[in-house]
Amino acid sequence: MTFRPTGLAAGRDLIYDDDADTTLPPGGERSVDARTLDPRHATATMRQDPLTGEWISIASNRQNRVFLPPADQDPLAPQTAANPSEVPALYDVAVFENRSPSFGPALEDADAPRDLADLAEIGLERSRTSVGRCEVVCFSPEHEGSFGSQTVSRARTVVEAWAQRTEALSGMPGVQQIFPFENRGQEIGVTLPHPHGQIYAYPFITPRTTALLRAIEAQGDDLFARILDREQAGPRVLLQGEHFTAYVPFAARWPIEIHVLPHRQVADFAGLTEAEKDELAPFYRRLLRGLDELYPTPTPYIAAWHQAPVHVGRDTVRLMLQVTSPRRSADKLKYLAGSEAAMGAFIGDVAPEAQAEFLRSGIEKVHD
């Protein structure tokens, strides 16, 4: 795999990631982005909720982002004369700065958070600049698809891109946590069918990870190891390899919920060994393909890669995938209504053990 950093209009970064078995021309020549774009939007401002201490980025520029364009106007496809898209040349995998980011483009600012202690203070009408970075990861130049629809070689390139970008973003000023994820399906609000994911580099530690750090402090530094031991010995395992185990968690919130843990303590993608990345690509791909064997139509999901914060919890928070889907039957979705949306109190629709058996039936149908 080869990484080729370059740039886009309006001063944004672009990195081409070539497959190990790429069919692209040798030499790495790439078209130049010749577009003339308006200057980038000013970095958003985030405001603190004094009832919880959580930070909310008010990114009004996102209101005008592209919504379900026709195939010939796909903004993530390689540029043509008729389609002035975001990526100038044909590619295998491409990573670039989002044109409508929730965080960034500024990485430093006079009103940026000073440190984690500054963020932890709670008060009325506190605000800070939403410094950070938001990137788009294009899994393929094709108009439609997902991570699961890629070849094993391409999946491996994406895993390597996640590792490379996690390392790079972790070294940027003001960044506290890196979050790679993929949204799949209009049912959960996807606005582009192009196979892609995103990476958020937050200027704070997210609420879910903050709660996790509290749980580790209360229960011990070996929390992930003990969870993995129990799950591997129980009835909810879906797939197990030399380096990773996938399972339905004991207290699953969603009709479909899959967790994946590495078998050793590793904080993030950048810490994975070559052997672990080699296994993860087909392992993860098979899980997602198994979801699409459950029903006649593709299953919508959010695939969320939880990583340790950049500066704290590195020895205790373990890299973890959580795949969740609101699909509770072939033609029904779980909507977050009163208890879940208002109070954060989830009510499960299916016993996790029964759902694990159902999910195994889909994964068993995947043979490539």
Worksheet, complete the sentence: When rounded to the nearest 0.5 Å, the distance separating CD of Gln164 from CG of Leu169 is 8.5 Å
Discussion item. Would you say that more than 12 heavy atoms from the other residues, nucleotides or ligands in this model lie under 6.0 Å from the CD of Gln219, or not?
Written reply: yes
Worksheet entry | Any Phe224 side-chain heavy atom under 4.5 Å of Leu212 side chain | yes
Worksheet entry | Student check: side-chain heavy atoms of Phe244 and Glu276 closer than 4.5 Å | yes
Practice prompt. For residues Phe179 and Phe204, establish whether the separation of their ring centroids is below 6.0 Å.
Written response: no
Practice prompt. Determine whether more than 12 heavy atoms belonging to other residues, nucleotides or ligands lie under 6.0 Å from atom CD of Glu125.
Written response: no
Worksheet item: For residues Thr209 and Gln177, is any side-chain donor paired with an opposing acceptor at under 3.5 Å?
Response: yes
Worksheet item: Between Asp292 and Arg184, is the closest basic N to carboxylate O distance under 4.0 Å?
Response: yes
Worksheet item: At what distance, to the nearest 0.5 angstrom, does CG of Leu238 lie from CD1 of Ile258?
Response: 5.5 Å
Worksheet item: Taking all atoms of both residues into account, what is the closest heavy-atom pair of Ala356 and Pro235, and its distance?
Response: CB-O, 4.1 Å
Worksheet item: Do NZ/NE/NH1/NH2 and the carboxylate oxygens of Asp268 and Arg314 come within less than 4.0 Å?
Response: yes
Item to complete: Go through the side-chain N and O atoms of Thr245 and His263 and say whether any donor and acceptor fall under 3.5 Å apart.
Response: yes
Worksheet item: Do Arg236 and Gln355 touch side chain to side chain, with heavy atoms closer than 4.5 Å?
Response: no
Practice prompt. Decide if the gap between the ring center of Trp305 and the ring center of Tyr284 is smaller than 6.0 angstrom.
Written response: yes
Fill in: Electrostatic pair Arg40:Glu97 at N-O distance under 4.0 angstrom
yes
Discussion item. With heavy-atom distances below 4.5 Å as the criterion, would you say the side chains of Arg126 and Met46 are in contact?
Written reply: no
Discussion item. Measuring only between side-chain heavy atoms, which start at C-beta, is Arg253 closer than 4.5 Å to Thr324?
Written reply: no
Practice prompt. Answer yes if the side chains of His259 and Glu257 hold a donor-acceptor pair under 3.5 Å, and no otherwise.
Written response: yes
Worksheet item: Is there side-chain contact between Thr6 and Tyr16, with at least one heavy-atom pair below 4.5 Å?
Response: yes
Worksheet item: Do Arg289 and Glu293 meet the salt-bridge criterion of a basic N to acidic O distance under 4.0 Å?
Response: no
Practice prompt. Taking only Lys NZ, Arg NE, NH1 and NH2, and the carboxylate oxygens of Asp or Glu, determine whether Glu86 and Arg35 approach each other closer than 4.0 Å.
Written response: yes
Fill in: Under-4.0 Å salt bridge between Arg133 and Asp13
yes
Item to complete: Check the side chains of Asp19 and Thr157 for a donor-acceptor pair under 3.5 angstrom, ignoring hydrogens and angles.
Response: yes
Worksheet item: Looking only at heavy atoms, what is the nearest atom pair of Leu76 and Cys138, with distance?
Response: CB-SG, 3.9 Å
Discussion item. Are more than 12 heavy atoms, taken from residues, nucleotides or ligands other than Phe250, located less than 6.0 Å from that residue's CZ atom?
Written reply: no
Worksheet entry | Heavy-atom closest contact (Ser57 atom, Ser102 atom, distance) | OG-O, 2.8 Å
Item to complete: Would you please indicate yes or no on a ring centroid separation below 6.0 angstrom for Phe181 and Tyr200?
Response: yes
Worksheet entry | Thr22: side-chain hydrogen bond (donor to acceptor under 3.5 Å, both in side chains) partners, not counting sequence neighbours | Asp92
Fill in: Minimum side-chain heavy-atom gap Leu192-Pro69 below 4.5 Å
yes
Discussion item. Between Asp18 and Arg30, does any NZ, NE, NH1 or NH2 come within less than 4.0 Å of an OD or OE carboxylate oxygen?
Written reply: yes
Practice prompt. Using a strict cut-off of less than 4.0 Å between a Lys/Arg side-chain nitrogen and an Asp/Glu carboxylate oxygen, indicate whether Arg360 and Glu357 qualify as a salt bridge.
Written response: no
Fill in: ring-ring contact (aromatic ring centres under 6.0 Å, His included) partners of residues 328-355, not counting sequence neighbours, each pair once
Trp254-Phe346
Fill in: Approximate separation, where rounding is to 0.5 Å, of Ile363 CD1 and Leu294 CG
8.0 Å
Practice prompt. Please state whether the rings of Phe269 and Trp162 are parallel, tilted or perpendicular, taking 30° and 60° as the class boundaries.
Written response: tilted
